[in-house]
Amino acid sequence: MASAANAPRAFVTGWPVSHSLSPALHTYWLHHHGLAGSYELQPVKPEEFANFLRSFPKKGFVGGNVTIPHKEVAFAGLDALDPTAKALGAVNTLWLEGDKIVGGNTDAYGFTCNLDDQVPEWRNGKTAIILGAGGASRAVIHAIQTAGFRSIHVLNRTVERAQNLVSQFGEPCAAHPLDAFDALAGEADLLVNATSLGMGDDGTLPVSLSTLGSGTIVTDIIYTPLETAMLHQARERGLPTADGLGMLLHQAVPGFEKWFGHRPEVTQELRNHILQVIAAERDTS
Ligand code: NAP
């Protein structure tokens, strides 16, 4: 990779942030495209984040990614926001436009591109069920609403949280408890797990898939493991599926292009590289 003293520097900030796969992802692209630049971990405590947000340009950064717990704080502290960040109330990507610090949100874009890659027929769907009502669910609802679904059921353990989310999105969303799943499942064209159930060694399923119709597309935004218990059960039933790794990879594309001036691609080689990084981290933890 070429190097230059004034090469662009980008970051990922969160607290904690050491587990982030973003440095491996962006460094792969920098090497792959022979670009000068760096992408660095910036662990920032919540009480120091507001200061970091205003001062990162002086530290020599051209922008970066924002992750938990800073996404909502970043939303409130910027000079300008892109339309998706405004719709979601959270920011995951920062860049500079002149002396302005601008924030965007690429999670919904990542979700959409991943389904377009793996199950392009998802766009024919009309009814979706989303499990979960946390930060990630917000991006998923936005993506599915933007794709033109006519009915979006948001099911959550804490139904008040789903009701709150749905009230922000309005038609065509409805909130339900998780035990409404069996009654709704038959009409779903798309099922999304946006809960944190199923991560790592947790083989728990939020719901049983036996009541889904025979053509329902099933996707899980969790990508460790790549085949979650939910995707495993869907494949056993012969349903079309999409894993969650592509969402992570695609959401990184717009930021890389803004910071380093080149639009990278999500390829099988990149997927394999990140899967190796995940496996190596699992072996050392
Ligand atoms: P979050 O804000 O903490 O929300 C967690 C959600 O999971 C809530 O709806 C919560 O329900 C539900 N949940 C947790 N434990 C549960 C249980 N035992 N039973 C039923 N429901 C349970 O998290 P998030 O930021 O939305 O992230 C959710 C998942 O998406 C995480 O695993 C994250 O790694 C993944 N993610 C992936 C990508 C990607 O690029 N692929 C991007 C973002 C997030 P309550 O409201 O009732 O607590």
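Remember, it's 1-based here, ligands and their atoms both numbered in the order they're listed.
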In terms of atom number and element, which parts of ligand 1 are under 4.0 angstrom from non-hydrogen atoms of [X]?
X: Gly244; result: 41 (N)
X: Gly132; result: 9 (O)
X: Tyr223; result: 39 (C), 41 (N)
X: Gly134; result: 2 (O), 4 (O), 9 (O), 26 (O)
X: Gly135; result: 2 (O), 26 (O)

Quick one: does [X] get within less than 4.0 Å of ligand 1, heavy atoms only?
X: Asp107; answer: no
X: Ala133; answer: yes
X: Gln251; answer: no
X: Ala194; answer: yes

Between [X] and ligand 1, find which residue part has any heavy-atom pair under 4.0 Å and reply side chain, backbone, both or neither.
X: Ile221; result: both
X: Thr195; result: both
X: Leu248; result: both
X: Met199; result: side chain
X: Ala139; result: neither

What distance separates Glu171 CD from Arg150 CZ, expressed to the nearest 0.5 Å? 13.0 Å
Side-chain touch [X]/[Y], heavy atoms, less than 4.5 angstrom:
X: Leu155; Y: Pro177; value: no
X: Val17; Y: Thr67; value: yes
X: Asn65; Y: Phe11; value: no
X: Tyr109; Y: Thr93; value: no
X: Leu191; Y: Leu209; value: yes
X: Leu53; Y: Leu94; value: yes

Tell me, which pairs form a side chain to side chain donor-acceptor pair (under 3.5 Å) where one or both residues lie in residues 75-89, sequence neighbours left out?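 For residues 75-89: Arg54-Asp79.
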Return yes when at least one protein heavy atom is under 4.0 Å from [atom], and no when none is.
atom: atom 2 (O) of ligand 1; answer: yes
atom: atom 33 (C) of ligand 1; answer: no
atom: atom 23 (O) of ligand 1; answer: no

Hey, does Leu197 come in under 3.5 Å of ligand 1, counting only N/O atoms on both sides? no
Taking atom CD of Glu265 as the centre, does the number of heavy atoms from other residues, nucleotides or ligands within less than 6.0 Å exceed 12?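 Not buried by this count: 12 neighbours or fewer within 6.0 Å.
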For [atom], the protein heavy atom that lies nearest, with its residue and separation:
atom: atom 14 (C) of ligand 1; value: Ser196 OG, 3.3 Å
atom: atom 47 (O) of ligand 1; value: Thr158 OG1, 2.5 Å
atom: atom 21 (N) of ligand 1; value: Arg157 CB, 3.9 Å
atom: atom 43 (C) of ligand 1; value: Ala136 CB, 3.9 Å
atom: atom 42 (C) of ligand 1; value: Met247 CE, 3.9 Å
atom: atom 9 (O) of ligand 1; value: Asn156 OD1, 2.7 Å
atom: atom 8 (C) of ligand 1; value: Arg161 NH1, 3.6 Å

Please name all residues satisfying side chain to side chain contact (heavy atoms under 4.5 Å, CB included) with Glu269, sequence neighbours left out, ordered by chain then number.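 Expected list: Tyr28, His32, Thr267.
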May I ask you to decide if the ring planes of Trp122 and Phe111 are parallel, tilted or perpendicular, using 30° and 60° as cut-offs?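 Perpendicular.
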Give the ring-plane orientation class for Phe256 versus His33, where under 30° counts as parallel, over 60° as perpendicular and anything between as tilted.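 Phe256 vs His33 ring planes: tilted.
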Working for salt bridge (Lys or Arg N to Asp or Glu O under 4.0 Å), residues Arg235 and Glu227: CA-CA 10 Å; Arg235 282 173 191 156; Glu227 181 173 85; 2.8 Å; yes
What about Leu41 and Val277, same hydrophobic cluster or not, with Ile/Leu/Val/Met/Phe/Trp/Tyr joined at side-chain heavy-atom distances under 4.5 Å? yes
Would Trp29 end up clustered with Leu35 when hydrophobic side chains under 4.5 Å apart are linked, directly or stepwise? yes
